[in-house]
Amino acid sequence: MRKAPVVAITLGDPSGIGPELVAKLLASEQRVRHCHCVLVGDEWLWKNAQTLTRLMHDLPVINAFEEAEHTPLGSVCFLPVSTMTEADHKVGVANKESGASVLNVLTMCLDAAKASEIDAICFAPLNKQAMKLAGMPFEDELHFFADQLEVEEYFCEFNTLGDIWTSRISSHVPFKDVTQYLSQDRIIEATKLIHDCLIKSGVARPKIAIAALNPHGGDGGICGREEIDIIQPAVKTLQDQHYPVSGPFPADTLFLKVRDGEFDAVVTMYHDQGQIAIKLLGFEKGVTVQGGLPIAITTPAHGTAFDISGKNQANVNATLNAFNLACVMAQSAFKETLATNNTEA
């Protein structure tokens, strides 16, 4: 049995800013050091990232994930893979080759998670278009993860900015389809999921707000009845089950309350309802958490930034936050597993 959690780090889309972000992450003195860490990626890509950033890292090379536990705690080792050639590398554009590279690396990490060889994954930014060009049949990476990990229960993305968390009832779908996803069951499941995830991230007593769908919360039904017919009954059910929730609140003022510390999390009804607020409050600090999966998977909330790829201009703060959160959640899950095993013994 391992004595500490293992966290996998990936370089993200080779055409974007992910590789340089990882080079900067590993140079940061602010990163958490209570886990074993494994960087997974093409050797030539990792060398190029170090050359670009002028940050050289002498990482011990391993041949398999399970070797990571034999490295010093807090250190990073390198697991080289071969997913694409440097000749196929295109900087700053979505392409099939980079998408295939991402899918191959993530599949390796997910297989390691299923084999209990790693406890969390922090992936540098990827590009959905590139992954779809490479054959990914899902709307986003979260659904790819859920399929690979054979998840059948409710799952959804969370976004975090420091102490502020958001989840959403619908995600990467056209706005015209949002109401098709709106149901009491989905609101209840999304709320329970973010409540449990907050606890695993160290928030002992989460306070959760539920957003309204319509302007002004529907104005008592004259501007939509979703609040009356769907959202309020879901909130009542959660309160009856002793979950610390309030709402629904009009979305145009709700995040003022969150900013001022009245709530730890918001369950939103659609993608931009929470994303605009979070990114406005701190675009270069936000983290996306893949919620409802059997292991912690995090990534910076921004994208591949093709416009600045290869220019050594990427800000590492969100990647640092994503990595640190992955480590915290991995340690929480690892301790829970140890306690369960000791009880059973």
Side-chain angles (χ1 to χ4, degrees), residues 1-12 18-41 43 46-47 49-50 53 55-81 105-106 108-124 149 160 162 197-204 287 289-290 293-300 316-345:
M1 179 65 185
R2 289 185 280 111
K3 296 181 179 180
V6 176
V7 177
I9 307 167
T10 81
L11 296 169
E20 78 168 79
L21 287 172
V22 174
K24 294 174 181 178
L25 166 68
L26 300 192
S28 174
E29 292 299 321
Q30 299 178 50
R31 64 181 178 86
V32 170
R33 298 177 186 272
H34 58 235
C35 300
H36 300 290
C37 300
V38 183
L39 173 60
V40 188
E43 189 171 6
W46 176 228
K47 287 181 178 178
Q50 294 174 84
T53 59
L55 297 169
M56 308 309 293
H57 302 276
D58 185 17
L59 306 183
V61 176
I62 61 173
N63 298 307
F65 282 102
E66 56 263 33
E67 295 178 20
E69 63 179 305
H70 303 300
T71 60
L73 191 63
S75 66
V76 182
C77 52
F78 182 52
L79 177 57
V81 297
V105 171
L106 288 176
M108 282 186 59
C109 293
L110 294 168
D111 286 343
K114 288 189 285 187
S116 299
E117 295 169 352
I118 63 174
D119 303 282
I121 300 169
C122 177
F123 64 92
L149 295 171
T160 75
C197 200
L198 279 163
I199 290 176
K200 290 178 181 178
S201 71
V203 181
V287 175
V289 181
Q290 313 296 318
L293 306 181
I295 67 164
I297 303 181
T298 68
T299 189
V316 75
N317 286 339
T319 302
L320 176 63
N321 291 341
F323 171 77
N324 285 344
L325 182 57
C327 289
V328 169
M329 295 179 70
Q331 187 176 51
S332 175
F334 189 78
K335 288 180 177 178
E336 186 176 326
T337 299
L338 282 180
T340 300
N341 291 341
N342 290 336
T343 300
E344 291 176 351

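We count residues from 1, following the sequence as given.
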Taking the side chain as every heavy atom from C-beta outward, state whether Val76 and Arg31 have any atom pair closer than 4.5 Å.
yes
Give a yes or no on whether the backbone of Ser116 and the side-chain of Arg2 come within a donor-acceptor separation of less than 3.5 Å.
yes
Is there side-chain contact between Val105 and Leu11, with at least one heavy-atom pair below 4.5 Å?
no
Count the heavy atoms of every other residue, nucleotide or ligand shown that sit under 6.0 Å from NZ of Lys47, and state whether that count exceeds 12.
no
Do Glu117 and Asp111 have side chains that get closer than 4.5 Å, going by heavy atoms?
no
Compare all side-chain heavy atoms of Cys109 with those of Val40 and state whether any distance is below 4.5 angstrom.
yes
Determine yes or no for a side-chain-to-main-chain donor-acceptor pair under 3.5 angstrom, with Thr10 supplying the side chain and Phe123 the backbone.
no
SG/Cys35 to CD1/Ile118 distance, rounded to the nearest 0.5 angstrom?
11.5 Å
Value rounded to 0.5 Å, distance of CG in Leu39 from SG in Cys37:
9.5 Å
Contacts under 3.5 angstrom, residues 324-332 side chains, donor-acceptor by atom type, not counting sequence neighbours:
{"from": "Asn324", "atom 1": "OD1", "to": "Val32", "atom 2": "N", "distance (Å)": "2.7"}
{"from": "Asn324", "atom 1": "ND2", "to": "Gln30", "atom 2": "O", "distance (Å)": "3.3"}
{"from": "Ser332", "atom 1": "OG", "to": "Lys200", "atom 2": "O", "distance (Å)": "3.3"}

Considering only heavy atoms from C-beta outward, does the side chain of Val81 approach that of Met108 to under 4.5 Å?
yes
So CD1 of Ile297 and CG of Leu149: to nearest 0.5 Å the spacing works out to 5.5 Å
Solution key, residues 55-67 side-chain donor-acceptor pairs under 3.5 Å, sequence neighbours excluded:
{"from": "His57", "atom 1": "NE2", "to": "Ala23", "atom 2": "O", "distance (Å)": "2.9"}
{"from": "Glu67", "atom 1": "OE1", "to": "Asn63", "atom 2": "N", "distance (Å)": "3.2"}

Which residues pass the side chain to side chain donor-acceptor pair (under 3.5 Å) test with Asn321, sequence neighbours left out?
none
Which pair of heavy atoms, one from Ala322 and one from Thr298, lies closest together, and at what distance?
O-OG1, 2.7 Å
Rounded to the nearest 0.5 Å, how far apart are CG of Leu110 and CG of Leu293?
8.5 Å
Output for pair (Leu73 CG, His34 NE2), nearest 0.5 Å, gives 8.5 Å
Heavy atoms only: give me the nearest Pro19-Trp46 pair and the separation to one decimal.
O-CZ3, 4.3 Å
Can you measure from OG1 (Thr299) to CD1 (Ile121) and round to the nearest 0.5 angstrom?
11.0 Å
Judged by atom type as modelled, is there a donor-acceptor pair below 3.5 Å linking the side chain of Asp119 to the main-chain atoms of Val7?
no
Using only atom types and a distance under 3.5 Å, with no angle test, would you say the side chain of Thr71 pairs donor to acceptor with the backbone of Ala68?
yes
